Amino acid sequence: MTLPLIVPTRPFAGQRPGTSGLRKKVSVFEQPHYLENFVQSVFDALEGFAGATLVVGGDGRYYNDVAIQTIVRMAAANGFGRILVGQRGILSTPAASCVIRKRGAFGGIILSASHNPGGPDGDFGIKYNAGNGGPAPERITEAIWRRSEAIERYLTLDTADIDLARLGVTSIGAAQVEVFDPVVDHAELMATLFDFAAIGELLRGGAFRMRFDAMHAVTGPYARAIFVERLGAPEASLVDAVPLPDFGGGHPDPNPVYAAALVETMFAPDAPDFGAASDGDGDRNMIVGRNFIVTPSDSLAVLAANAHLVPGYARGLKGIARSMPTSRAADRVAAHLGIACHETPTGWKFFGNLLDAGLATLCGEESAGTGSDHVREKDGVWAVLFWLNVLAARPGESVEAIVRDHWRRFGRDIYSRHDYEGVDVVAANGLIADLRASLGDLPGQRFDRGDGSVARVTLADDFAYTDPVDGSVTTGQGIRVGFDDGSRIVFRLSGTGTEGATLRVYLERFEPDPEKQGVETQEALGPLIAAAERLAGIRGRTGRDRPTVVT
Ligand code: G16
C-alpha cells in the first residue's frame, strides 16, 4: 500500500474564505503548496471522516483538472475511503450539493470562482460543502482559516494521476476513486420537481422558443441533458454550451452587462419567448423575456407566488428566505401566503440552517441566485425549469405579462444594484467606516424625493443576523439606510472579488400604483442614487463617476 507522504510547509497569509470560499488569481493558487495548504486546512478543521466519502469537482475552469488530482491524492492520504469525482472534473455547484446529499457523502470540495473570469490570468477558487450539501457555515470556514495560519505540514500520496475522462472506479492508497457522470443525478432530481410532460409539450410545440446561454461555463452539459435530450427543445436553443477553461474569454456572470449577447437576442424583433443564462459554476441564473429583463429579486417573488403551479411545491411553501440586500418583493408574497420571510446576510451558507430546519422552502438573492430545499445551493437550471413550468401552466402569458401581473397584485419594488469594481481597498474601507460612524446622526435627515417632497431617514444600521436555529451571530453585514416612504439604500463591500475592493450599492423603492409601475428603473431611482452619493461621497472616494456594472 502507498504510505502517505508528510510534506513540510509554511502558512500563506490571506487564506480566509470570503462570501463563498477562497477566491484568488490563478497565479496565486499556482504557487507551490498554496492549494495544498488550504486543502489540508480544510481536512484539519473537520473531524470523523475516516473511511467516509468526499465529492470533488468544479466548473471546468483553467487549473480545475490540476487541482482535482492534487485534492484526490490528499483526500486519500488523509483517510477518506471513497472519493467521487465528476467526469472530466466537471460538477456544477448545485449538482455537487445534490450528489453529496444523494450519496450520503461526508462533504465535498468544489473548485470554482463562480462568475469571475477564468484562464491562466483569471481567477480560481475552492470551497468546502458539508454533509447537508451546503456551503460550510462560518464556524467551519473560520476554523479552516485559523488552521491555515498555523499549518506546518500536509499529507499526500506519490501516485499517478487518475484518468478523469473514464467513468469507473480505481484505487489509490487505501481509497477508492469513482469517476461518475456529473449530470445524471441532478437531472433525475429535476424530473421529480417539475412537470416535465407540460414543459416538454411547451418546448416541442414549435410556437414557443427558448434560448439558454451557458456562457461556455459548466451548465452546458446539464442544459443539453435536460432541455434538449429530456424535454425535446431544439439543439439551437443552446448557446455556448461547451465548457471551456477560459469561458471563451468571457465573464460568465449572467447579468445584462456580461450576458449582453443574450439580452441583444431577446430584444431583437424576432426574439425567442424565453431567454436564460447561468454562470461559471451553474448556481446563478438570469431570466429574460422578450424585450424584458426580470430582476433576480422579482424572480424570487414571482416564483414564490406561482409555486402552487409546480408539482414539487404545490403542497405549499414552509417559508421564504432572502439575503438582506435583496428587495422586499418576496416579503409581500410571504405575507400574502401567511408564511415567514427570513432576512439573512449575503452568502448562500446562511440559508442552510433554515432549509435543514424546515423553516424555508424557497431562497433567493439579488445576485442572481434562486433555489429551494431540493439541494443546499442555489441552482441555475432549477430556476430556468421553474420559470418554464410556470409558463407552461399559464399558457399564452409572456414573461413580461406574468411579471407585470405580479406587480399589479403586489406592487413593484423598483430595484437596482450599482457596483464599483476594482476600487482602492483603503478608499472602500474608509467609505464604509465613515458611513458606520455616521449611523447615529442619520435618523431624521431629509432627502429630496425628486418630486418636491422629502423622505426622512427612519433606519440606519449595520446589519447583524442571529441565526434562529443555532443562535450564531454575524455582524457587519452591510450599512442599511431606510426612509419613511419605504425606500432603502444598502452599502456593502463584496466578499467575492479578487482585485481591489468592489463597492455594492443596492437601491430600492416601492411603487404600489399600477399606473406608475412602467417607469424606467434608473430614472425612478434617480433621487435615491443622488441620496447615496450624498451619504457616501462615492465619486470623490472611489474616483469613479459611474458604476462599473448596473444590474
Ligand atoms: C456568492 C454567494 C452568494 C452571494 C454572491 C455575491 O455567489 O454564494 O450568496 O450573494 O456571492 O456575494 P458578494 O456580494 O459578497 O460578492 P457565487 O455565485 O459567486 O458563488
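Atoms considered below: every heavy atom in the structure, side chains included; atoms not considered: hydrogens, waters and symmetry mates. Small disclaimer: the values here were computed from a predicted structure and weren't measured.
Side chains of D467 and N353: a donor-acceptor N/O pair is present below 3.5 angstrom, by distance only. Side-chain contact annotation: Y313 with S372, donor-acceptor N/O pair under 3.5 Å present. Side-chain polar atoms of D279 and S114 form a donor-acceptor pair below 3.5 angstrom. Judged purely by distance below 3.5 Å, without hydrogens or angles, the side chains of H186 and D379 pair a donor atom with an acceptor atom. No side-chain N or O of D59 forms a donor-acceptor pair with one of N64 less than 3.5 Å apart. For the 3.5 Å distance criterion, the side chains of W387 and S299 qualify, holding a donor opposite an acceptor.
Between F227 and F212, the gap from one ring centroid to the other is short of 6.0 Å. Aromatic rings from Y154 and F43 are positioned such that their centres are separated by 6.0 Å or more.
The pair D44-R153 counts as a salt bridge, with a side-chain nitrogen and a carboxylate oxygen less than 4.0 angstrom apart. Under a 4.0 Å N-O distance rule, the pair K102/D185 qualifies as a salt bridge. Ion pairing of R284 with D253 is present here, as a side-chain N (NZ or NE/NH1/NH2) and a carboxylate O approach within less than 4.0 Å. Salt bridge status for R322 with E365: absent, with no side-chain N to carboxylate O gap under 4.0 Å. Under a 4.0 Å N-O distance rule, the pair K127/D281 qualifies as a salt bridge. Taking a cutoff of 4.0 Å between a charged side-chain nitrogen and a carboxylate oxygen, D462 and R492 do not qualify as a salt bridge. The pair K349-E377 fails the salt-bridge criterion, with no side-chain N (NZ, NE, NH1 or NH2) lying under 4.0 Å from an Asp/Glu carboxylate O.
The heavy-atom pair separating T370 from W348 by the smallest distance is C-CH2, 3.8 Å. When all heavy atoms are compared, the tightest approach of R376 to P135 is O-CD, 3.3 Å. Heavy-atom minimum distance, L354 versus H342: CD1-CB, 3.7 Å. Contact detail for L189 and C98: the closest heavy-atom pair is CD2-SG, 3.9 Å. Taking both residues in full, the closest heavy atoms of P4 and A77 are given as CG-O, 3.8 Å, listed atom of the first, atom of the second, then distance. In this structure, T344 and Y465 approach most closely via the heavy-atom pair CG2-OH, 3.6 Å.
By the side chain to side chain donor-acceptor pair (under 3.5 Å) test, S494 pairs with T496, R504, sequence neighbours left out. Judged as a side chain to side chain contact (heavy atoms under 4.5 Å, CB included), and not counting sequence neighbours, the contacts of S297 are T295, T326, S327, E366, Y415. With sequence neighbours excluded, the residues satisfying side chain to side chain contact (heavy atoms under 4.5 Å, CB included) with D240 are D213, H216.
More than 12 non-hydrogen atoms from other residues, nucleotides or ligands lie less than 6.0 angstrom from CD of E235. The number of heavy atoms from other shown groups lying within 6.0 Å of CG (L5) is above 12. Annotation: E142, atom CD; neighbour count of heavy atoms from other residues, nucleotides and ligands within 6.0 Å is above 12. Surrounding CD of E149 are more than 12 heavy atoms belonging to other residues, nucleotides or ligands, all under 6.0 Å away.
Residues F49 and N78 are in side-chain contact: their nearest non-hydrogen atoms beyond the backbone lie under 4.5 Å apart. The closest side-chain heavy-atom distance from V169 to R82 is below 4.5 Å. D123 places none of its side-chain heavy atoms less than 4.5 Å from the side chain of V26. V28 is listed as a side-chain neighbour of Q31, based on a closest heavy-atom distance under 4.5 Å. Looking only at side-chain heavy atoms (C-beta outward), E30 and F124 stay at 4.5 Å or farther from each other. Between L503 and I432 the shortest side-chain heavy-atom distance falls below 4.5 Å. Inter-residue side-chain proximity for V469 and L359 is flagged as met; some heavy-atom pair is nearer than 4.5 Å. Counting heavy atoms from C-beta on, the side chains of V288 and L262 come closer than 4.5 Å.
T548 contributes a side-chain N or O that, together with a main-chain N or O of E421, makes up a donor-acceptor pair within less than 3.5 Å. At least one donor-acceptor pair under 3.5 Å links the side chain of D163 to the backbone N or O of A165. Side chain of S97 to main chain of T93: no donor-acceptor pair is present (N/O by atom type, distance under 3.5 Å, no hydrogens or angles). Side-chain N or O atoms of S41 include one that pairs as donor or acceptor with a backbone N or O of N37 at under 3.5 Å. Between the side chain of R73 and the backbone N or O of T159, at least one donor-acceptor pair lies under 3.5 Å. Of the possible donor and acceptor atoms, none in the side chain of T219 sits under 3.5 Å from a partner among the backbone N and O of Y222.
A distance of 11.5 Å separates CD1 of I144 from CD of E138, quoted to the nearest 0.5 Å. Remark: L355 CG to T361 OG1 distance equals 8.0 Å, nearest 0.5 Å. The distance from the CG atom of L362 to the NZ atom of K318 is 11.0 Å, given to the nearest 0.5 Å.
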Apply side chain to side chain donor-acceptor pair (under 3.5 Å) to N389 and D195, showing your working. CA-CA 6 Å; N389 201 147; D195 187 347; 5.1 Å; no
Working for side chain to side chain donor-acceptor pair (under 3.5 Å), residues Q176 and S171: CA-CA 4 Å; Q176 305 268 293; S171 298; 3.1 Å; yes
Let's go through V310 and L193 carefully: what are the C-alpha distance in whole Å and the side-chain angles of both, what is the deciding distance for side-chain contact (heavy atoms from CB on, under 4.5 Å) to 0.1 Å, and is it a yes or a no? CA-CA 7 Å; V310 176; L193 299 172; 5.7 Å; no
